[in-house]
Student: 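Can you keep this structure in mind? I'll have questions shortly.
In this text, all values refer to a predicted model and were calculated from it rather than measured experimentally. Below, chain A is the first sequence line, B the second, and so on; all start at residue 1.
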Protein chains: 2
Amino acid sequence: MGQSAREEPKWRRRAESRPDEILDAALVTFEKDGFDAARVEDVAKKAKLSKAGVYLYFDSKDAILRGLIEREVAPVARNLRAVAEAGMDDPAGALQRVAAAFTALVNDKRKLAVPRIVLSVAARYPDIAQYYRENVLEQGLSAIVALIEAGVAKGVFRPCDPGIAARMLFGPIFVHGLYTHFLHGDPGPLSPAERVKAHTDILLKGLLASR
Amino acid sequence: MGQSAREEPKWRRRAESRPDEILDAALVTFEKDGFDAARVEDVAKKAKLSKAGVYLYFDSKDAILRGLIEREVAPVARNLRAVAEAGMDDPAGALQRVAAAFTALVNDKRKLAVPRIVLSVAARYPDIAQYYRENVLEQGLSAIVALIEAGVAKGVFRPCDPGIAARMLFGPIFVHGLYTHFLHGDPGPLSPAERVKAHTDILLKGLLASR
DNA sequence: TTTAACTAACTGACCAATGAGTCATATACT
DNA sequence: AGTATATGACTCATTGGTCAGTTAGTTAAA
């Protein structure tokens, strides 16, 4: 039994990469069990260190969740915003591109797990809810609102409430993701790209100013 | 101190009304704390009996959640279905009425808490997820799908994927509810009725066959 | 180039709190 | 008297978080 090679150390120092490894592990664990039922010990095991090791890098379990929001979702919101802002001169086209980008995000079950968890713990961690609202939702929402308003100003879109229009863009895609990923609902016959097209077809026809 | 009146019994038998009282209490408690953080003891206290008393009527904590789904949400889905079926000869009008009914449901924070909780525990209680999907979501969804298909068959709506259209009806309303109730997002300037109107204006214009 | 002293990274074993579920017993009703 | 209904006090598994002690890597004196 006793392996002669006494070379392998019991553990290695990897202070640089630990935070990311812990977040990777936490994402998988939280997605599977939800925030409350997920055990820090399991996160640690998946990240290949001890539970106490996790607490070297994060002050608490909810700090891990905060880290997850920052790393996983906030960049996506910034990206959506960039796509929207880059297309202010072609609102209809930009709308489609935003829909496609958001669909790609929502198709990623793991990324979608973060908003689901935020939603479920929002009441108990008001600061997490606030952070998420300000840095994710309001970012994405306001970008689209600006896009719609630009379209209306240009006369491309007919006058409408931009907040409603924005929810009509994000809402259906988001609930489709929740329904299929977490309730195991039937995704339907369409491919993601076809869904984007079917969706934006209806939405744009509803928005566009008939000549 | 010693009240002479020895009339008041320490508790009363109320086997008939207990289950509903427990569900009332559970709805409030689950809404506030979420399923995991909610304590059965608190539910019991709010229902004015002991924790052990709760277990006389429900086998487990998750049985309470199941009871909540049955009592709170399944009837709503049936109602939505009825509204849709009653309006098969006027698809556009029925769509608006369904949107209004769903908006009313979603405006009720307490009722909306049930789907939020189902979503958060779906992975750990697959039977709850399945029950919810089959008895709530698929009910509502299929009713609207039928309505859209009827509209397309009549030539009132232009051809489209009815699943997408149905998600465009429910999605924006649902996410608006989540956003305002649980993330404390800005509900915007419109009243619920105005939101329904703005929403269905765009949706119907997107769906209606231009003469 | 050794090697000893030093520090940062890490672990195992632990604690304290928590909360679901149980049960022996008591009380209200019939 | 008998039974359905209710309770308080309990068990017991779970788990977030801590800490004393250990090891990997680093620095610099010898």
Student: What nucleotide among D:dG8, D:dA6, C:dC10 has an atom nearest to a side-chain atom of A:R14?
Tutor: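 Of the options given, the side chain of A:R14 lies nearest C:dC10.
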Student: Side-chain N or O of B:Y57 versus OP1/OP2 of D:dA6: is the shortest distance under 4.0 Å?
Tutor: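 For B:Y57, the contact criterion (side-chain N or O under 4.0 Å from OP1 or OP2 of D:dA6) is met.
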Student: Roughly, in whole Å, what's the span from CD in A:E16 to P in D:dG25?
Tutor: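 Answer to the nearest Å: 14 Å.
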Student: State, yes or no, whether a side-chain contact exists between A:L105 and A:L112 at a heavy-atom distance under 4.5 Å.
Tutor: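 Heavy-atom side-chain distance check fails, nothing below 4.5 Å.
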Student: Can you measure A:L56 atom CG to D:dG17 atom P for me and round it to whole angstrom units?
Tutor: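 After rounding, the gap between these two atoms is 14 Å.
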Student: Between C:dT18 atom P and B:D33 atom CG, what is the distance in whole Å?
Tutor: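 One finds 14 Å between P of C:dT18 and CG of B:D33, rounded.
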Student: At under 4.0 Å between heavy atoms, what does A:L49 touch on the DNA or RNA strands: base, sugar-phosphate, or nothing?
Tutor: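 The answer is sugar-phosphate, as A:L49 gets under 4.0 Å only of primed atoms, P, OP1 or OP2.
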Student: Starting at atom CZ of A:F58, determine the distance to atom P of D:dT18, rounded to an integer number of angstrom.
Tutor: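 Distance check: A:F58 CZ to D:dT18 P gives 15 Å.
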Student: Any base atoms under 4.0 Å from A:A15, or only sugar-phosphate, or nothing? Heavy atoms, all strands.
Tutor: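 Since only primed, P, OP1 and OP2 atoms lie under 4.0 Å of A:A15, the category is sugar-phosphate.
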Student: Counting side-chain heavy atoms from C-beta on, which of D:dA4, D:dG16, C:dA8 comes nearest to A:R13?
Tutor: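 Nearest to the side chain of A:R13 among the choices is C:dA8.
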Student: Under 3.5 Å, is there any donor-acceptor pair linking the side chain of A:K51 to the base of D:dG17?
Tutor: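 Check passes, donor-acceptor contact within cut-off.
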Student: Within this structure, what is the OH-to-C1' distance between A:Y55 and C:dA13, rounded to whole angstrom?
Tutor: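 Those two atoms, OH and C1', are 16 Å apart.
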Student: Side-chain contact test, heavy atoms from C-beta onward, threshold under 4.5 Å: evaluate it for B:R97 versus B:T200 and give yes or no.
Tutor: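 Side chain of B:R97 against side chain of B:T200, heavy atoms only: no contact under 4.5 Å found.
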Student: Test A:D127 against A:R66 for salt bridge (Lys or Arg N to Asp or Glu O under 4.0 Å), laying out the working first.
Tutor: CA-CA 9 Å; A:D127 56 317; A:R66 259 184 290 271; 2.5 Å; yes
Student: For A:E41 and B:W11, take the nucleotide of DNA chain D holding the closest heavy atom to each; which residue's nucleotide lies nearer the 5' end?
Tutor: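 First, find each residue's nearest nucleotide; the 5'-ward one identifies B:W11.
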Student: Classify the nucleic acid contact of B:A44 as base, sugar-phosphate or nothing, counting any heavy atom under 4.0 Å across all strands shown.
Tutor: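 Counting heavy atoms under 4.0 Å across all strands, no contact is made by B:A44.
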Student: What I'd like to find out is whether the side chain of A:T103 reaches to under 4.5 Å of the side chain of A:H176, using heavy atoms alone.
Tutor: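 A side-chain contact under 4.5 Å is absent here.
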Student: To the nearest Å, give me how far apart CD1 (A:I22) and C1' (C:dA9) are.
Tutor: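 In whole Å, C:dA9 C1' lies 12 Å from A:I22 CD1.
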Student: Got a donor-acceptor pair under 3.5 Å from the side chain of A:R12 to the base of D:dA24?
Tutor: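 Such a pair does not exist between side chain and base.
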Student: Base, sugar-phosphate or nothing for B:A38? Non-hydrogen atoms, less than 4.0 Å.
Tutor: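 B:A38: backbone/sugar contact only, no base atoms under 4.0 Å.
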Student: Is there a side-chain contact between A:F174 and A:P115 in this structure, where contact means two heavy atoms from C-beta onward sitting under 4.5 Å apart?
Tutor: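 When only atoms from C-beta onward are counted, A:P115 and A:F174 do touch, with a gap below 4.5 Å.
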Student: Nearest whole angstrom, please: distance from the P of C:dG21 to the CG of B:D59.
Tutor: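 Checked: the CG to P distance equals 10 Å.
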Student: Can you identify which nucleotide, out of C:dA20, D:dT5, D:dG17, has its nearest atom closest to the B:R39 side chain?
Tutor: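 Given the options C:dA20, D:dT5, D:dG17, the side chain of B:R39 is closest to C:dA20.
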Student: Among D:dG17, D:dT5, C:dA28, find the nucleotide with the atom closest to the side chain of B:K10.
Tutor: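 When the side chain of B:K10 is considered, C:dA28 is the closest of D:dG17, D:dT5, C:dA28.
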Student: From NZ of A:K45 over to P of C:dC10, roughly how many Å is that when rounded to an integer?
Tutor: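 From A:K45 NZ to C:dC10 P: 18 Å.
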Student: Quick check for you: among D:dT18, C:dT7, C:dG21, whose closest atom lies nearest to any side-chain atom of B:K61?
Tutor: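 That would be C:dG21.
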Student: Counting only side-chain heavy atoms from C-beta out, which of D:dA24, D:dG17, C:dC10 sits nearest to A:S50?
Tutor: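 Taking heavy atoms from C-beta onward, the closest nucleotide is C:dC10.
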Student: Going by an N to O cut-off under 4.0 Å, is there a salt bridge joining A:R195 and B:D161?
Tutor: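 Salt bridge between A:R195 and B:D161, a charged N being under 4.0 Å from a carboxylate O: no.
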